[in-house]
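I have placed the structure first, in the form of structure tokens, so that the comments after it can refer back to it.
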2 protein chains.
Amino acid sequence: MTLPVNRTGSTKERILGAAETLFAQRGFDGASLRQLTSAAGVNLAAVNYHFGSKEKLVEQVFRRRLDTLNAQRLAALAKVAGQPDTRLEDVLDAFIRPALELSHEDEGSLFMRVLARAFAEHDDGLRKFLSENYGHVMRQFTAEFARLLPRLSKEELYWRIDLATGALTHAMSGFGIIQRKSDVSERAHREQTVQHLIRFAAAGLNAS
Amino acid sequence: MTLPVNRTGSTKERILGAAETLFAQRGFDGASLRQLTSAAGVNLAAVNYHFGSKEKLVEQVFRRRLDTLNAQRLAALAKVAGQPDTRLEDVLDAFIRPALELSHEDEGSLFMRVLARAFAEHDDGLRKFLSENYGHVMRQFTAEFARLLPRLSKEELYWRIDLATGALTHAMSGFGIIQRKSDVSERAHREQTVQHLIRFAAAGLNAS
DNA sequence: CGTATGCTCAAACGATCGTTTGAATCCTTC
DNA sequence: GAAGGATTCAAACGATCGTTTGAGCATACG
């Protein structure tokens, strides 16, 4: 079980990169600091020196990606929110496309797998951290969905948003995307994937 | 962090029950055998005596629920599969309803949370176990979906089934159901939930 | 009654965990 | 080039992990 050793970038960056990979593969508990620092090519004590603790390292792994991801999502949402001619598909595009681009930056959608693990965790600390730091993003998207789907009751709207985000998280993190990555060029494939996800989610949100 | 101690049933059953609860709450790695046997009110060594190892205990936790769950799913599918007047919603009902009934048997949808964790895990051993033992169920449902959605290409069909199962797993395991469990009676609420899930999934599978 | 057989128990095994320590080394700044 | 803060290092800390052991207890059968 020897892993390739990363030798590029600062110690902090190497730790964050190795952490993302190993958290995606083995989970937050399953990946030990010894495996992690070994894969990063740094000393074991470097994690506690630079991040304070393993738990704070987990938070930084999320921060590094989510800060820019959610900024891109909100920027894309701002272009269509409140406009009279905005379609449901435009809002979904604003939500999905930045995540898909991120998935194609880091090979294997590693961060999206980490995020899917976070959803599966019912650990209160992690959920609280994510909710406090990034809950406003989902709230803004929900408001726009509510505007475009006025016939849905509040309860129905929440149900469908919950189902849609579940579908998207699963698809972007899971076996799916990697499997289908082979025969199409990167850019064309990404566009095709975006359209797949948008079509499915829009139909679900709009149902009957 | 003291947990209630179960004092009913055989040692094996008490271990399985406590394992389901703790695996749902803290994950397979996060829940230790000492926490587990303590919550079950049995001796630490009982796990290895009755199950052989922690890993085999995990498999038995899945077996106990999935055997009946998938039997019910296949029985319900058999009633509608191949029939000329079968609707997409009927097949989804066969898939969803048994899982929902299971979710309401064990309080808090504990097993569905365990299942969601299994999907998030990219551990090869667990995935292989689930695929080998229960892969035929998903294959039968896929075949029936293919019959009812002939205009979809194979790739599009797989995409949408993947998205639909992601949505359903997320909804049945996550915060969603528990949150909405309050104001409606058990039976009425379950029926309403089934209809929510079916509407969303049918619309997504049928999209454009 | 004696003795298997199935099960439970406290105790310990070696391994690995996250974290801490204090010295060694690097790098900047005067 | 000396001083000093930042960083890296090997080593060890106590805690907890899954698993094993062997004695003790139970119930059933000859």
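Labels below follow one simple rule: chain letters A, B, ... track the order of the sequence lines, proteins then strands, and each chain is numbered from 1. The basis for the numbers below is simple: all heavy atoms, side chains too, and nothing from hydrogens, waters or symmetry mates.
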### Summary
Tested for side-chain hydrogen bond (donor to acceptor under 3.5 Å, both in side chains) against B:E20, the lone hit among B:R65, B:R113, B:Q25 is B:R65
### Message
What is the separation between atom NZ on B:K12 and atom C1' on C:dT8, rounded to the nearest whole Å?
### Response
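B:K12 atom NZ is separated from C:dT8 atom C1' by 16 Å.
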Compile the donor-acceptor pairs under 3.5 Å between side chains in residues 43-52 of chain A and protein atoms, sequence neighbours left out, one pair per line.
residue: A:N43; atom: OD1; partner: A:A45; partner atom: N; Å: 2.9

### Query
Under a 4.5 Å cut-off applied to non-hydrogen side-chain atoms, are B:L110 and B:F23 in contact?
no
### Query
Do A:R73 and A:Q140 come within less than 4.5 Å of each other through their side chains, counting heavy atoms only?
no
### Query
Are A:T11 and D:dT7 close enough that a side-chain N or O sits under 4.0 Å from OP1 or OP2?
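Checking D:dT7 against A:T11, no side-chain N or O comes under 4.0 Å of OP1 or OP2.
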### Query
OP1 or OP2 of D:dA6 less than 4.0 angstrom from a side-chain nitrogen or oxygen of A:H50, does that happen here?
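False: A:H50 side-chain N/O out of range (4.0 Å or more) of D:dA6 OP1/OP2.
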#### Entry: B/S/- contact track for nucleotides 15-29 of chain C, protein heavy atom under 4.0 Å
--BBBBB--------
### Message
Under a plain distance cut-off of 3.5 Å, with no hydrogens placed, do B:Q195 and B:E191 share a side-chain donor-acceptor pair?
### Response
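On atom types as modelled, these side chains qualify, holding a pair under 3.5 Å.
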